[in-house]
Visitor: 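Handing you this structure, nothing more for now.
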Amino acid sequence: MALVTTTEMFKKAYEGKYAIGAFNINNMEIIQGIVNACKVKNSAVILQVSKGAMKYAGPRYLKAMVDAAVEETGLDIALHLDHGPDLATVKEAIDAGFTSVMIDGSHLEFEENVKITKEVVEYAHSKGVVVEAELGILAGVEDDVHAEEHVYTDPDQAVEFVERTGVDSLAIAIGTSHGAFKFAGEPDLKFHILEEIQKKMPGFPIVLHGASAVSQDHIAMCNEFGGNIKGAQGIPTDMLRKASAMAVCKINMDTDIRLAMTAAIRKAFADKPEAFDPRGYLGAARNEIQSLVEKKIEEVLGSENSMN
Ligand SMILES: O=C(CO)COP(=O)(O)O
Ligand SMILES: O=C[C@H](O)COP(=O)(O)O
Ligand SMILES: [Zn+2]
Ligand SMILES: [Zn+2]
């Protein structure tokens, strides 16, 4: 049993009109909550690690736990670097045993983005690792970069970018954004851009970042037990399901995991103020993450039984 790349996963997902969930991991309970859900649903999954997560937990600790998850579950799991900022970080992830990396040159000029992506593709492919890149800019905060406005992906540029870089999948901007505050008014995604890209590059896997749905139940639960989160809004579930039936093969979710975990821990503290065993509240968080991911597989991804 070993980690896999996303090549086969994406091929099956494209043909089967579903998407694979890519969930950010930072510790053991998050990993276990996610893979327990995938085991129940018999679903392949991508576990992804940001530069911040590498710094927090250490890539080797995370890799070792993900290896254990593969052994325990027998599932197809890819370990992916999320928003790799440069070749050095990509190399660090590949050296640690990641099977997939993202190079995020979306904030660079087009030619610079092509250049850095090509370099990463060359290095990663020589190690048997697949590469995701990004074209277009998501509004909002992303690590230390902040963008006021969406810069939607241009479909013709997307074709040129993929041809020139040899990248394996592409993240595009159609109106999603990172974090819990995605829309001030009505949610709006530019599906015509996705459609056009799909028409121009049939069979090529597209990635959707910033795709958390931001459960109002979890927001309410956080706020009921001492939190203060106002005006949070995510991507409606039906829009995500629509995208996953199109060329979108990978849907990134982190905020939803954070909210589930925080809601469960806040409730556990409030329910038992006398308790101080971390297994109590971290166990509650793990269970909440598991239910969340099971629901995602059913309602958003459609990846149930993708292991068959
Ligand atoms: O895109 C993401 C990670 O790369 C996560 O997006 P969310 O903030 O919507 O969960
Ligand atoms: O896109 C970013 C992910 O949500 C990861 O966030 P992070 O960089 O705070 O770990
Ligand atoms: Zn980006
Ligand atoms: Zn992202």
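Just follow the structure's listing: the first ligand is 1, and inside any ligand the first atom is 1. For reference, positions follow the sequence shown, starting with 1.
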Visitor: Below 4.0 Å, non-hydrogen atoms only: which portion of His209 touches ligand 1? Side chain, backbone, both or neither.
Guide: both

Visitor: Would you mind finding which of Thr255, Asp256, Val207 brings a heavy atom closest to atom 7 (P) of ligand 1?
Guide: Thr255

Visitor: Number the atoms of ligand 1 from 1 as they appear, then name those within less than 4.0 Å of a heavy atom of Ser212, with their elements.
Guide: 7 (P), 9 (O), 10 (O)

Visitor: What atoms of ligand 1 come within less than 4.0 Å of a heavy atom belonging to Met253?
Guide: 10 (O)

Visitor: With distance as the sole criterion, is a donor-acceptor pair present between the side chains of Ser303 and Ser43 under 3.5 Å?
Guide: yes

Visitor: Going by heavy-atom distance to atom 5 (C) of ligand 2, choose the closest among Asp254, Val49, Ile257.
Guide: Asp254

Visitor: Which ligand 2 atoms, with their elements, are less than 4.0 angstrom from a heavy-atom of His178?
Guide: 1 (O)

Visitor: So which heavy atom in the protein is nearest atom 2 (C) of ligand 1, and how far is it from that ligand atom?
Guide: His178 CD2, 3.3 Å

Visitor: What protein heavy atom sits nearest atom 1 (O) of ligand 1, and how far off is it?
Guide: Gly210 N, 2.8 Å

Visitor: Using a 4.0 Å heavy-atom cut-off, say whether Ala180 meets ligand 1 through its side chain, its backbone, both or neither.
Guide: neither

Visitor: Is Asn26 touching ligand 2 with its side chain, its backbone, both, or neither, if touching means heavy atoms under 4.0 Å apart?
Guide: neither

Visitor: Need the ligand 1 atom indices (1-based, order shown) with element for anything under 4.0 Å from a heavy-atom of His83.
Guide: 4 (O)

Visitor: Taking only non-hydrogen atoms of Ser50, do any sit less than 4.0 angstrom from ligand 2?
Guide: yes

Visitor: Closest to the Zn ion (ligand 4), which N/O/S atom of His209 is it?
Guide: ND1

Visitor: Could you tell me if Lys91 sits above the aromatic ring of Tyr123, with its cationic atom closer than 6.0 Å to the ring centre and no more than 45 degrees from the axis?
Guide: yes

Visitor: Salt bridge between Lys250 and Glu132, side-chain N to carboxylate O under 4.0 Å?
Guide: yes

Visitor: Any salt bridge linking Lys200 with Asp156? Criterion: basic side-chain nitrogen under 4.0 Å from a carboxylate oxygen.
Guide: yes

Visitor: Might you work through the side chain to side chain donor-acceptor pair (under 3.5 Å) test for Asn42 and Asn308, ending with a clear yes or no?
Guide: CA-CA 8 Å; Asn42 198 28; Asn308 291 346; 2.8 Å; yes

Visitor: Give the name of the N/O/S atom in His178 that lies closest to the Zn ion (ligand 4).
Guide: NE2

Visitor: Is a salt bridge present between Glu298 and Lys41, judged by a nitrogen-to-oxygen distance below 4.0 Å?
Guide: yes

Visitor: Below a 4.0 angstrom heavy-atom separation, can you tell me which part of Asn24, side chain or backbone, both or neither, approaches ligand 1?
Guide: side chain

Visitor: Among all the protein's non-hydrogen atoms, which is closest to atom 9 (O) of ligand 1, and how far away is it?
Guide: Lys182 NZ, 2.6 Å

Visitor: Non-hydrogen atoms of Arg258 versus ligand 2: any pair closer than 4.0 Å?
Guide: yes

Visitor: Which of the numbered atoms in ligand 2 are below 4.0 angstrom from a heavy atom of Asn24?
Guide: 3 (C), 5 (C)

Visitor: Ignoring hydrogens and angles, tell me if any N or O in the side chain of Asn113 forms a donor-acceptor pair with the backbone of Glu134 under 3.5 Å.
Guide: yes

Visitor: Looking at atom 4 (O) of ligand 1, what's its closest protein heavy atom, distance included?
Guide: Asp82 OD2, 2.7 Å

Visitor: Answer yes or no for Lys242 and Phe191: cation-pi contact, defined as NZ/CZ to six-membered ring centre under 6.0 Å and angle to ring axis within 45°.
Guide: yes

Visitor: Can you check whether Phe225 and Phe269 have ring centres sitting under 6.0 Å from each other?
Guide: no

Visitor: Hey, is Arg258 one of the residues with a heavy atom under 4.0 angstrom from ligand 1?
Guide: no

Visitor: Is any NZ, NE, NH1 or NH2 atom of the basic residue among Asp254 and Arg258 found under 4.0 Å from an Asp or Glu carboxylate oxygen of the other?
Guide: yes

Visitor: Is it true that Glu8 and Lys12 have a side-chain N and a carboxylate O under 4.0 angstrom from each other?
Guide: no

Visitor: Leu3, Ile46: one ILVMFWY side-chain cluster at the under-4.5 Å cut-off?
Guide: no

Visitor: Report, in ascending order of atom number, the atoms of ligand 1 lying under 4.0 Å from any heavy atom of Gln48.
Guide: 3 (C), 4 (O)

Visitor: As an exercise, identify every atom of ligand 2 less than 4.0 angstrom from a heavy atom of His83.
Guide: 1 (O)

Visitor: For Lys39, is the NZ atom crowded, meaning more than 12 foreign heavy atoms sit under 6.0 Å from it?
Guide: yes

